[in-house]
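Here's the structure we're looking at; comments come further down.
Lettering follows sequence order; numbering is per chain, from 1. No hydrogens, no waters, no symmetry mates; every other heavy atom, side chains included, goes into these values.
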There are 2 protein chains.
Amino acid sequence: MGHAEYSNTPLSSRMGFLLVRSALRVRQRYVNELSTIGLLPNQHAILSTLNELGPCHQKELAARIDLDTGDIVAYLDGLAEAGYIERNRDPADRRRQIVSLTPSGTRILAIADLALDEVEAETFACLALPERKAFGHNLNTLYESLTS
Amino acid sequence: MGHAEYSNTPLSSRMGFLLVRSALRVRQRYVNELSTIGLLPNQHAILSTLNELGPCHQKELAARIDLDTGDIVAYLDGLAEAGYIERNRDPADRRRQIVSLTPSGTRILAIADLALDEVEAETFACLALPERKAFGHNLNTLYESLTS
DNA sequence: TATTGTTATACTCTATAACTATA
DNA sequence: TATAGTTATAGAGTATAACAATA
């Protein structure tokens with residue numbers, strides 16, 4: 001007299017569910033760690049991308065991080081106010097802003113990266129090295145497929 | 001005369017970043033698909049879990065889905081209003097609500113599951129079958145580690 | 001680019017009621 | 001009983017972030 005059985009896909013075998021739930025937990029770890037530094041995860045992503053690419057336009061930044069072009073404005077406002085980035089109009093196309101890292105931004109990024117390296121090491125320690133590498137590779141494939 | 005080079009971990013090699021970003025995209029697909037049915041992703045998760053476990057208490061439900069015990073209330077309110085679940089006080093412990101699926105809830109779950117099966121098939125089609133299986137296994141390990 | 005508003009979600013804190021254990 | 005501590009649910013407020021529409 002238990003409940004009826006159905007052939008529905010169980011939640012725990014849905015990769016989408018596992019992915020979304022795991023990501024929420026991981027993001028929370030990012031938020032907690034970065035909050036002691038005064039950065040939001042998306043702000044760290046912006047600093048990290050600027051460090052990798054050098055000065056670039058807001059639109060390019062947004063595309064690289066998969067951020068909405070409207071939403072990036074507020075994150076940049078915060079970073080500029082803290083003195084971590086500078087925005088300058090592109091003389092070649094004055095609609096555009098050229099965003100660049102300041103020395104202070106470079107310093108805070110180094111601190112944030114060290115902290116996040118630790119978070120990641122702890123977070124993915126449940127996977128042995130070969131699995132972790134394969135997982136990272138598959139994640140990359142998935143991300144590329146989802147954002148292309 | 002390029003920008004300076006630093007040894008910071010690049011964003012694109014951070015599994016946390018790839019995980020969180022991919023999950024946001026996948027969740028959006030869930031939201032879009034389920035919105036035509038009138039369900040939120042968390043409401044689908046509730047229905048799916050009830051179908052798997054049979055009637056159970058709110059707290060048990062929340063723990064299984066990794067939902068905040070405060071936040072589950074509103075989702076259940078919506079489901080009850082739509083007639084998909086019933087809440088009854090547990091006579092053995094009147095603080096508790098026993099949540100159970102209605103026939104109508106069972107029907108909508110079947111419809112939602114079919115739709116989500118398609119979403120998942122498309123989403124993870126970028127991984128070949130062996131990789132997809134390994135990825136799912138690793139995701140499971142990660143989820144268990146993060147929620148235990 | 002920037003602004004505004006909406007949506008989805010999680011998190012924190014607090015309130016209420018009901019249970020448990022104990023003096 | 002009476003009291004104190006705990007638990008299950010509920011509600012309000014806030015934070016992060018995506019998305020849509022518009023200026």
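Considering only residues two or more places apart in sequence or on other chains, B:Asn88 meets the side-chain hydrogen bond (donor to acceptor under 3.5 Å, both in side chains) condition with none of them. Here A:Arg25 pairs with B:Asp66 under the salt bridge (charged side-chain N to carboxylate O under 4.0 Å, His left out) rule; sequence neighbours left out. With sequence neighbours excluded, the residues that form a side-chain hydrogen bond (donor to acceptor under 3.5 Å, both in side chains) with A:Arg21 are B:Asn42. Applying the side-chain hydrogen bond (donor to acceptor under 3.5 Å, both in side chains) criterion to A:Arg95, with sequence neighbours excluded, gives A:Asp93. In this structure, the side-chain hydrogen bond (donor to acceptor under 3.5 Å, both in side chains) partners of A:Tyr30, at least two apart in sequence or on a different chain, are A:Glu120.
Closest approach of B:Leu47 to B:Tyr84, counting heavy atoms only: CD2-CB, 4.1 Å. For B:Pro91 against B:Arg94, the heavy-atom pair with the smallest separation is O-CG, 4.0 Å. Considering every non-hydrogen atom in both B:Gly38 and B:Gln43, the closest pair reads O-OE1, 4.2 Å. Of all heavy-atom pairs between B:Phe17 and A:Ala45, the closest is CE1-CB, 4.4 Å. Nearest heavy atoms, B:His44 versus B:Ala112: CD2-CB, 3.9 Å.
Of the residues in residues 70-90 of chain A, those placing a heavy atom less than 4.0 Å from an atom of DNA chain C are A:Gly70, A:Val73, A:Arg87, in numerical order. Near DNA chain D, defined here as any heavy-atom distance below 4.0 Å, the residues from residues 14-30 of chain B are B:Arg21, B:Leu24, B:Gln28, listed numerically. Contacts of residues 57-65 of chain B with DNA chain D (heavy atom under 4.0 Å): B:Gln58, B:Lys59. Near DNA chain C, meaning a heavy atom under 4.0 Å from it, residues 31-43 of chain B has B:Leu40, B:Pro41, B:Asn42 in order of number.
Here chain B contacts DNA chain D (any atom closer than 4.0 Å to a heavy atom, that is under 4.0 Å), and the contacts span D:dT7 to D:dC19 from 5' to 3'.
Checked by atom type, the side-chain pair A:Thr9/B:Asp113 shows no donor-acceptor distance below 3.5 Å.
Applying the side chain to side chain donor-acceptor pair (under 3.5 Å) test to residues at least two apart or on different chains, none of the pairs has a partner in residues 132-142 of chain A. Applying the side chain to side chain donor-acceptor pair (under 3.5 Å) definition to pairs two or more places apart or across chains, those involving residues 54-65 of chain B are B:His57-B:Asp90, B:His57-B:Arg96, B:Gln58-B:Arg87.
The aromatic rings of B:Phe124 and B:Phe135 lie tilted to each other, with the angle between the two planes from 30° to 60°.
When the P atom of C:dT3 is taken as reference, atom CD of A:Gln97 falls 11 Å away, rounded to whole Å.
Of the residues listed (A:Thr102, A:Leu79, A:Ile98, A:Val99), the one engaging A:Glu86 in a side chain to side chain contact (heavy atoms under 4.5 Å, CB included) is A:Thr102, and it is the only one.
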